[in-house]
Number of protein chains: 4
Amino acid sequence: MSGINKVILVGHLGKDPEVRHLDGGVTVASFPLATSETYNKDGKRIEQTEWHNIVLWRGLAEVASKYLQKGKLVYIEGKLRTRSFEDREKVKKYVTEVVAENFTILGRKSDFENTPVTSENATPKAETDYLDSADTNGDLPF
Amino acid sequence: MSGINKVILVGHLGKDPEVRHLDGGVTVASFPLATSETYNKDGKRIEQTEWHNIVLWRGLAEVASKYLQKGKLVYIEGKLRTRSFEDREKVKKYVTEVVAENFTILGRKSDFENTPVTSENATPKAETDYLDSADTNGDLPF
Amino acid sequence: MSGINKVILVGHLGKDPEVRHLDGGVTVASFPLATSETYNKDGKRIEQTEWHNIVLWRGLAEVASKYLQKGKLVYIEGKLRTRSFEDREKVKKYVTEVVAENFTILGRKSDFENTPVTSENATPKAETDYLDSADTNGDLPF
Amino acid sequence: MSGINKVILVGHLGKDPEVRHLDGGVTVASFPLATSETYNKDGKRIEQTEWHNIVLWRGLAEVASKYLQKGKLVYIEGKLRTRSFEDREKVKKYVTEVVAENFTILGRKSDFENTPVTSENATPKAETDYLDSADTNGDLPF
DNA sequence: TTTT
DNA sequence: TTTT
């Protein structure tokens, strides 16, 4: 009972998010994310890249489709989920995805330039988690 | 711009949560949490304990006051916040606290026994984060 | 360049670790880990379990094979890695695994009882990370 | 027994690292790190910054003093530690610090330009954690 | 005291 | 398929 299933990634989008609208009006977005680590081996710099399938639902999917593009650097928090599906030849296959619960754009200023600050582009659902505590940090004498 | 401030703890409560109701009806709970690590030094087992000040707001505070008691093992996710206050001698002091955004009780089954499952003891706010994705894991062919 | 690929799990082992010794003397261990989350849906308690393939290398594999058994509750920290392999019919397949970098047994005291403290059962490699700072927390006046 | 005490931060250095060499030749480095979060309140963009005291020991301290400077964006992983000390008036005080166990520079290319890749500037101790698994990802048929 |  |  009661476990923890948490993934934390910082990496670059390999493609623009692909958005779908399911029956019932639910929005889903997905994109590949690359996390690379670099290390020295015998004095040579070696880079190793891992690719992750990121999936976002509903409000997060919509925010992602607006603000994330191929190449951008993002912090993503989510959980692992392995699903099965049938490929075109009706063979059962498995994929493991990271279902995002939260994300934050990192990186250069230019990455934020097309992110106008109006009351319309609502705070990403992820950020609203913070609102609760953010507006309540009064100075109580614990 | 845009940073990450995340704390992940697994430890035991040092005391029962202390609950307060602020003006305006906001609930705050707090308790000390011990995380200990054990390591071998010269063949001897050494245990080192660190104490953390945990603070919870609103709905989370209420769930905590119901289900958490001294001694229980919990997973807590939150963020660091340092605040200043004046002590009795009007000296300015600082405390660093972990503002919880999420928690899960770990440990023995008996720890859950007094946690009846009715529609009344609402899902902790933290857990509702999961609901979004949990009820939408249909089998879309990405 | 420079990414983060981190997984944090708390769950129960589905089986005893399976240990292999590769050519060259490298030890690898692996086991399935279940993380379950419980939430209320329409007043009913619903439990959803996710299974993860955990892989451990070298020293960590050896410590795991000694101290971890089916049913135990563990905290695992690691990274995601997707590899391809050929199944018996020579079909290329993919699996995503969590390569553990660290683990800690959680749970009941009885779970630790068969963990004698001698200088022989070396500190898990994971725990040695902590040693560095643990033995140097003198009281320097920063 | 057996807890988890983990901090994950992404933020900018407020100052260059300050390095000290203790008696016995141990190196310690420290610097303030700012993590800011931005959220909408009544249609206005509000930024809230939290400052953290980062401390690094030994090898990590040396790598930090070489590659980190005021203003850089870093990912830091570590643990919380609260210590007491006496201020100039002999009053006992407490500080909570993040003892880094790992860090990665994020951000612009220009941030890496003064990071020549030679066999001399050794892999940060943190990164060596990855080496173990990185050079062993052979294709075993689990 | 950082960054956008 | 990203980035440096």
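Order of the sequence lines sets the chain letters (A, B, ...), proteins ahead of strands, with each chain counted from 1.
To the nearest angstrom, P of F:dT4 lies 14 Å from CG of D:Leu73. Spacing between atom CD1 of D:Ile76 and atom C1' of E:dT3 amounts to 14 Å, rounded to whole angstrom units. Between D:Leu33 atom CG and E:dT1 atom P the separation is 16 Å, expressed in whole Å. In this structure, CG of A:Asn53 is placed 15 Å from P of F:dT1, rounded to the nearest angstrom. Atom pair D:His52:NE2 and E:dT1:C1' shows a separation of 13 Å (rounding to whole Å applied). The interatomic distance linking A:Tyr75 (OH) with F:dT2 (C1') rounds to 20 Å, in whole Å. When rounded to the nearest whole Å, the span between CD of A:Gln48 and P of F:dT1 equals 19 Å. Atom CD1 of D:Ile46 and atom P of E:dT4 are 20 Å apart (whole Å).
D:Asn5 places a side-chain N or O within 3.5 Å of a backbone atom of D:Leu80 that can act as its donor or acceptor partner.
For the residue pair D:Tyr75 / D:Glu77, a side-chain donor-acceptor distance below 3.5 Å is found, with atom types taken as modelled.
Here the side chain of A:Glu47 is nearest to one of E:dT1, F:dT1, F:dT3, namely F:dT3. With E:dT1, E:dT3, F:dT2 as the candidates, the nucleotide lying closest to the side chain of D:His12 is E:dT3. Candidate nucleotides E:dT1, F:dT1, E:dT2 were compared by shortest atom distance to the side chain of D:Lys15, and E:dT1 ranks first. Distance from the side chain of D:Ser36 is smallest to E:dT3 among E:dT1, E:dT3, F:dT2.
Judged as a side-chain hydrogen bond (donor to acceptor under 3.5 Å, both in side chains), and not counting sequence neighbours, the contacts of A:Thr27 are A:His21, A:Glu62.
B:Arg81 has a carboxylate O that lies under 4.0 Å from a charged side-chain N of B:Glu97, or vice versa, which qualifies the two as a salt bridge.
Look at the P atom in both F:dT4 and E:dT4: the space between them is 16 Å, to the nearest Å.
Taking both residues in full, the closest heavy atoms of D:Tyr67 and D:Lys72 are given as O-NZ, 3.1 Å, listed atom of the first, atom of the second, then distance.
For A:Thr49 against F:dT2, a side-chain-to-base donor-acceptor contact under 3.5 Å is present.
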